[in-house]
Colleague: 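Right, I'll just put the structure down here and ask away after.
Here is how names work: the chains are called A, B, and so on, in the same order as the sequence lines, proteins then strands, and each is numbered from 1. Values below: all heavy atoms of this structure, side chains included; hydrogens, waters and symmetry mates excluded.
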Protein chains: 2
Amino acid sequence: MIKKNIQRIIQYRMCLLKFQNLGFERIFSYTLAQEIGVSPEQVRKDFSQFNLRGNKKAGYKIQDLLDKINELLHKEDIHKIILAGLGNIGKALVQYKGFINRNMQLVAGFDIDPAKLKKNCRIPVFHIDDMPKVIREEKARIGILAVPEQVAQEVCNQMVEAGIKGILNFAPVMLKTPEDVTVQNISVCNELEALIYMSEKTTDKKEKEKKGKKRK
Amino acid sequence: MIKKNIQRIIQYRMCLLKFQNLGFERIFSYTLAQEIGVSPEQVRKDFSQFNLRGNKKAGYKIQDLLDKINELLHKEDIHKIILAGLGNIGKALVQYKGFINRNMQLVAGFDIDPAKLKKNCRIPVFHIDDMPKVIREEKARIGILAVPEQVAQEVCNQMVEAGIKGILNFAPVMLKTPEDVTVQNISVCNELEALIYMSEKTTDKKEKEKKGKKRK
DNA sequence: TTTAATTTGTTAATTTTTAAACAAAACCTT
DNA sequence: AAGGTTTTGTTTAAAAATTAACAAATTAAA
Ligand SMILES: NC(=O)c1ccc[n+]([C@@H]2O[C@H](COP(=O)([O-])OP(=O)(O)OC[C@H]3O[C@@H](n4cnc5c(N)ncnc54)[C@H](O)[C@@H]3O)[C@@H](O)[C@H]2O)c1
Ligand SMILES: NC(=O)c1ccc[n+]([C@@H]2O[C@H](COP(=O)([O-])OP(=O)(O)OC[C@H]3O[C@@H](n4cnc5c(N)ncnc54)[C@H](O)[C@@H]3O)[C@@H](O)[C@H]2O)c1
C-alpha cells in the first residue's frame, strides 16, 4: 500500500516546479497547501516527516526542496517502463509526451496481436512472449498493464516473474502479486461510479434541505 | 472527498457480479475479502454501514447484496457522461466498450480542433463552445476532462457552469471547483512515480537486510 | 434434541491520518 | 535594540479508518 504522504510529496514536487518556472525562489507552506488542496499544517507535517526543512518567517527554498524530493523519489536517473497491451489505452500512453519531463521512459511495448508489432514507431513493440527477455535486458522494474481483463493476471505473472516490482494496472481485475510487488489500479469506471454516487448524494441532501425549509 | 468505504462497495459489486456469473447464489465475507484484498471484518463493517445484511452461518445472498448496492449506487438508470478533449486519452475512452455494462454512457464529446469534430462516429463530437448547451440539453452531470493542462481549469469552469457535478480529470493540474462538485484525478505519472518510490524502497530495505546478515 | 461449528454484526481497541496549538526562530519596523 | 509579526516545526488532540474481539444466530452433526 502506498502511503498518502508520498503521494502528496509527488504533488508538491509538481507544484514546486511550477512556481520555480514562474520565477519564485521561496515558497510558504500556505501556498503549497492552497495549491494542492490540503492544510498548511499537513504540508509542514509531510516535510517534517521527510526531513525537508525551511526557514522560520522565510518559508522554504524551492530549489532545496526539489533537490531533496528528487533524491527521495530517485529522480536522479531515468526510470525505464514497459507496457503490455497496445490497444486503445496502450496507444494513448505511447503517444504521451509527458513522461520524459518526469524522468520516465517507455522503453518497450508488448502485444500478442501481430498487427500491433513494430507499427507504433515511437517505441519498439515486441511479441508478448519476448517480454521476459526484454524486461531482463532493459532491467526495467516498472510495468503498465493495458491488456484485456481475461489475460491480465497471466501477463502480470509474466511481468513479476521477469523482475517487475511495480505495476500500473488498467484492467478491471484485482491482481494477485507477491508482497514485494506493488500494484496501482486505474479504474475509470470505478472512479466514474464514485463520482455518480457523490453527485446523487449531494442532490439528495439538497432536496432534503429544501423539504426541511418547506415544513417550517 | 470520496470515502474509502464507497470505493470498496463499488469493488464488491464487480466481484459479486463475477461470482454470480460463475453460478454462485451466496457468498461469505471471507471470499469477498480475499478477492479484493481486504480483511473479512472490513467487508462486514462496510456492509453493516450501508445496512447490507446477511445470514449468520449462511453468508450473504448475492442477489440481495446486488439489489441493495445497485440502489445505493443509483444503478437503476443509465448515467450520461460527457467528454472534453478527443486527443489520445479521449479517443481511447470513446472506443471503450465497458461503460454500458456498468450503466454509463458517453453521450457527447467536445473539442476545439475542427478536425476532431464528428470524425469519431461512436459518439457525436461538438465544438467546445457548444458544451454548455449540450450538457444542459442532455442533463448530463458527470464529465471527463481530457484536454491539455493549459486549458483544463477553463474547460472545467465551463462544465461546472453548465451543471456538471462530478469531474474525472486526466490533466495534471489541481482543479478548483465549488464544494458541491467532486473531482477525481487520474494521474498516470504520479502513480508511476509512486510505484518507482515503492520499488526502490523495497530494494533499499532488502540491501540493508543483506548487509545486516553479512555483519553477523 | 443437544452439541459443535461456523459466520455474521456490533462493540471495543488500535492504528493511521489529519487538524490544532503553540513555542521558537527569523525578520521587519520603529 | 526592542517589540511586534510572521512562519516554521514539534507536540498534542481529534478524527477517520482499520483491526480485533466476541456474543448471537444459524446450520449441521451427533
Ligand atoms: N479504453 C479505455 O478507455 C478503458 C477504460 C477503462 C478500462 N480499460 C481497461 O484497460 C485495458 C485495456 O483496454 P483497451 O481499451 O486498450 O483494450 P484493447 O482491446 O483496445 O487493447 C488490448 C490490447 O491487448 C492486446 N492483448 C491481448 N491479449 C494479450 C496478451 N496475452 N498479451 C499481450 N497483449 C495482449 C490486444 O492485442 C490489444 O492490443 C482493458 O483491461 C480494459 O478493460 C480501458
Ligand atoms: N495520453 C496520455 O497517455 C496521458 C497520460 C497522462 C496524462 N495525460 C493528460 O491527459 C490530458 C489529455 O492528454 P492527451 O494525450 O489525450 O492530449 P492530446 O493533446 O492528445 O489531446 C487533447 C485534446 O484536447 C483538445 N483541446 C485543446 N484545447 C481544448 C479546449 N479549449 N477545449 C476542448 N478541447 C481542447 C485538443 O484539440 C486535443 O484533441 C492532458 O492534460 C495530458 O497531460 C495524458
Colleague: How about B:Thr31 and B:Val43: do any of their side-chain heavy atoms sit closer than 4.5 Å?
Modeller: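 Not touching, per the 4.5 Å side-chain cut-off.
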Colleague: Is the number of heavy atoms from other residues, nucleotides or ligands under 6.0 Å of B:Lys3 NZ greater than 12?
Modeller: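 No, the 6.0 Å shell around NZ holds no more than 12 heavy atoms from other groups.
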Colleague: If you count heavy atoms of other groups shown closer than 6.0 angstrom to CD of A:Glu137, is the number above 12?
Modeller: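 More than 12 heavy atoms, drawn from other residues, nucleotides or ligands, come within 6.0 Å of this atom.
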Colleague: Other residues, nucleotides and ligands only: do more than 12 of their heavy atoms fall within 6.0 Å of NZ on A:Lys61?
Modeller: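 No, NZ of A:Lys61 has 12 or fewer neighbouring heavy atoms, counting only those of other groups under 6.0 Å.
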Colleague: Looking only at side chains, do B:Asn190 and A:Arg102 share a donor and an acceptor under 3.5 Å apart?
Modeller: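 Per modelled atom types, B:Asn190 and A:Arg102 side chains form a pair under 3.5 Å.
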Colleague: Mind checking which nucleotides bracket the chain B contacts on DNA chain C, 5' to 3', with an atom under 4.0 Å from a heavy atom?
Modeller: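 Reading along DNA chain C, I get C:dA5 to C:dA12.
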Colleague: Remember a base hit wins even if backbone is also touched, and classify B:Tyr60 as base, sugar-phosphate or nothing at under 4.0 Å, heavy atoms.
Modeller: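 Sugar-phosphate only.
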Colleague: Contact boundaries of DNA chain D with chain A (under 4.0 Å, heavy atoms), 5' to 3'?
Modeller: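 Result: D:dT5 to D:dT12.
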Colleague: Are there over 12 heavy-atom neighbours, none belonging to A:Glu161, within less than 6.0 Å of that residue's CD?
Modeller: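 Check fails, neighbour count at 12 or below.
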Colleague: Need one value for B:Lys45: base, sugar-phosphate or nothing, where a base atom within 4.0 Å counts as base even if backbone is also close, heavy atoms only.
Modeller: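 If one applies the 4.0 Å heavy-atom cut-off, B:Lys45 turns out to touch a base.
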Colleague: Is there a side-chain contact between B:Tyr96 and A:Asn88 (heavy atoms, below 4.5 Å)?
Modeller: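 Answer no - side chains too far apart.
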Colleague: Looking at B:Arg8, B:Gln11, B:Lys45, which hits side-chain contact (heavy atoms from CB on, under 4.5 Å) with B:Val38?
Modeller: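 Only one of B:Arg8, B:Gln11, B:Lys45 forms a side-chain contact (heavy atoms from CB on, under 4.5 Å) with B:Val38, namely B:Arg8.
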Colleague: Evaluate the side-chain proximity of A:Tyr12 to A:Ile27: yes if any heavy-atom separation is below 4.5 Å, no if none is.
Modeller: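 A:Ile27 vs A:Tyr12: side chains apart.
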Colleague: Need to verify one output field. Residue with the more 5' nearest nucleotide on DNA chain D, B:Lys4 or A:Arg44?
Modeller: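 The 5'-side residue here is A:Arg44.
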Colleague: Could you check which residues of residues 62-71 of chain A get a heavy atom under 4.0 Å from DNA chain C? Sort them by number, please.
Modeller: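 None - not one residue of the stretch has a heavy atom sitting under 4.0 Å from the strand.
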Colleague: Over all strands shown, is A:Glu41 touching base, sugar-phosphate only, or nothing at heavy-atom distances under 4.0 angstrom?
Modeller: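 The residue A:Glu41 makes base contact.
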Colleague: Tell me whether the count of non-hydrogen atoms from other residues, nucleotides or ligands lying under 6.0 Å of CD in A:Glu25 goes above 12.
Modeller: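 No, not enclosed.
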Colleague: Hey, is the main chain of A:Ser29 close enough, under 3.5 Å, to the side chain of A:Arg44 for a donor-acceptor pair?
Modeller: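 A pair under 3.5 Å: no.
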Colleague: Hey, which sits more toward the 5' end of DNA chain C by its nearest nucleotide, A:Arg8 or B:Ser29?
Modeller: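 Whichever sits nearer the 5' end wins; that is B:Ser29.
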